[in-house]
Amino acid sequence: MPTHAITDDAEAERDGGELLEPGGTAPVGPSRLDRIRDVVITLVGVIGIATIAWLLAAWIWGLSIVVFVTGSMSPTMPVGAAAVSQLTAAAELRIGDVVTVPRPDTGQPVTHRIVAIDEVAAAPDERELTLQGDDNDFADSQTYVVGEAPRVLAAVPGLGSVVLWAQTPIVMIAASILIALAIAWALWPTPTRADADVNET
C-alpha cells in the first residue's frame, strides 16, 4: 500500500494554520484591528486637515458661513440653507448680490438681496444699500450704510441645519471626546506592533 509523507508545513497548510517563518516565528501582518485603526487615523487626519484648511481660507479670504433661519430668501435660499460668504468692500457690491448686514435699530444680522445702491457723499468708500428678501413683496423699510459686507458666494439647502446641530454644546463636547479617544486608541500599542518591534531588535 503506497504511503504519503506529509511535512509539517503541508500539514499546517491543510489544517488552515499559518506557515512559520524560518526560526519558528509566524509572519507578522496587519490584523483586522490594525486595519480599523488605520481607517480611524485616516478619518481623524482628514477632519483635522479640512478644519485647518477652512480656518486658513476664512482668515486669508474673509470667508464665513451664514445659516438661514427665516424664509425671506426662499425659494433660492430656504430655511435651513447655509451659505459661504466673503467679506467684500462696499464699492465692489452690485445690485443682485446677497449680503449680510446689521439692522440699524437692533444690530441683528439680515441677509437679503441688494435692489439699489447709492453713494454716501460724506464717505466715498461707503454705500447705502436697499435690500429685499426674495420672498418679500416689498423692500426693507430701512436702508443700510456699510463700508463692507459679507457677500454670499454659494448656498446649499439643508446644510444649515447640520451646521447649527454641530455647533450645539452637547455635540461639540461629544465630538471632542470621541476625537480624543480615537487618537488615544490609534496611538495605543498593540500586541502585533509590540511583537514587530521586538523582532526588529
Side-chain angles (χ1 to χ4, degrees), residues 42-180 183:
T42 301
L43 289 176
V44 172
V46 169
I47 294 174
I49 292 173
T51 302
I52 294 173
W54 165 253
L55 292 176
L56 286 176
W59 177 63
I60 295 173
W61 291 294
L63 302 180
S64 60
I65 296 178
V66 177
V67 178
F68 293 85
V69 295
T70 68
S72 62
M73 286 300 295
S74 296
T76 53
M77 301 173 192
V79 175
V84 176
S85 299
Q86 183 178 29
L87 192 62
T88 305
E92 299 179 7
L93 297 175
R94 299 292 181 266
I95 293 177
D97 289 341
V98 177
V99 296
T100 300
V101 295
R103 295 186 182 274
D105 52 351
T106 64
Q108 294 295 321
V110 57
T111 304
H112 281 169
R113 194 176 300 277
I114 300 175
V115 295
I117 302 177
D118 296 307
E119 294 186 356
V120 179
D125 294 334
E126 295 183 351
R127 296 293 184 271
E128 184 178 6
L129 308 179
T130 301
L131 306 183
Q132 180 177 343
D134 290 353
D135 196 44
N136 295 344
D137 296 329
F138 304 98
D140 298 356
S141 59
Q142 298 173 313
T143 57
Y144 309 87
V145 178
V146 299
E148 59 184 9
R151 176 175 57 186
V152 171
L153 301 178
V156 179
L159 183 59
S161 301
V162 178
V163 172
L164 292 177
W165 173 78
Q167 291 179 340
T168 57
I170 295 178
V171 173
M172 294 183 68
I173 293 173
S176 300
I177 294 174
L178 288 176
I179 291 175
I183 294 175

Trainee: So which atom in M73 and which in T111 form the shortest heavy-atom distance, rounded to 0.1 Å?
Mentor: CG-O, 3.4 Å
Trainee: I need the minimum non-hydrogen distance between P157 and A155, along with the two atoms involved.
Mentor: CD-O, 4.0 Å
Trainee: Specify the closest pair of heavy atoms between A82 and I65, including all atoms of both residues, with the distance to one decimal.
Mentor: CB-CG2, 4.4 Å
Trainee: With sequence neighbours excluded, what pairs up with D118 under the side-chain hydrogen bond (donor to acceptor under 3.5 Å, both in side chains) test?
Mentor: none
Trainee: How close do A149 and V99 get, heavy atom to heavy atom, and via which atoms?
Mentor: CB-CB, 4.3 Å
Trainee: I need the full list of salt bridge (charged side-chain N to carboxylate O under 4.0 Å, His left out) pairs touching residues 145-162, with sequence neighbours left out, sorted by first then second residue.
Mentor: D97-R151
Trainee: Residues two or more places apart in sequence or in another chain: which of them pass side-chain hydrogen bond (donor to acceptor under 3.5 Å, both in side chains) with S64?
Mentor: none
Trainee: Got a sec: does the CD1 of I60 have more than 12 other heavy atoms crowding it under 6.0 Å?
Mentor: yes
Trainee: Does atom CD (E119) have a neighbourhood of more than 12 heavy atoms from anything else shown, all under 6.0 Å?
Mentor: no
Trainee: Take L131 and V115 through the test side-chain contact (heavy atoms from CB on, under 4.5 Å) and record every step on the way to the result.
Mentor: CA-CA 6 Å; L131 306 183; V115 295; 5.9 Å; no
Trainee: Would you please say whether a donor-acceptor pair under 3.5 Å links the side chains of T76 and D134?
Mentor: yes
Trainee: How many angstroms lie between CD1 in I95 and CD1 in I114, if you round to the nearest 0.5 Å?
Mentor: 8.0 Å
Trainee: Please report the closest heavy-atom contact between S74 and V79, naming both atoms and the distance.
Mentor: OG-N, 4.2 Å
Trainee: Closest heavy-atom contact between A91 and R127?
Mentor: CB-NH2, 3.7 Å
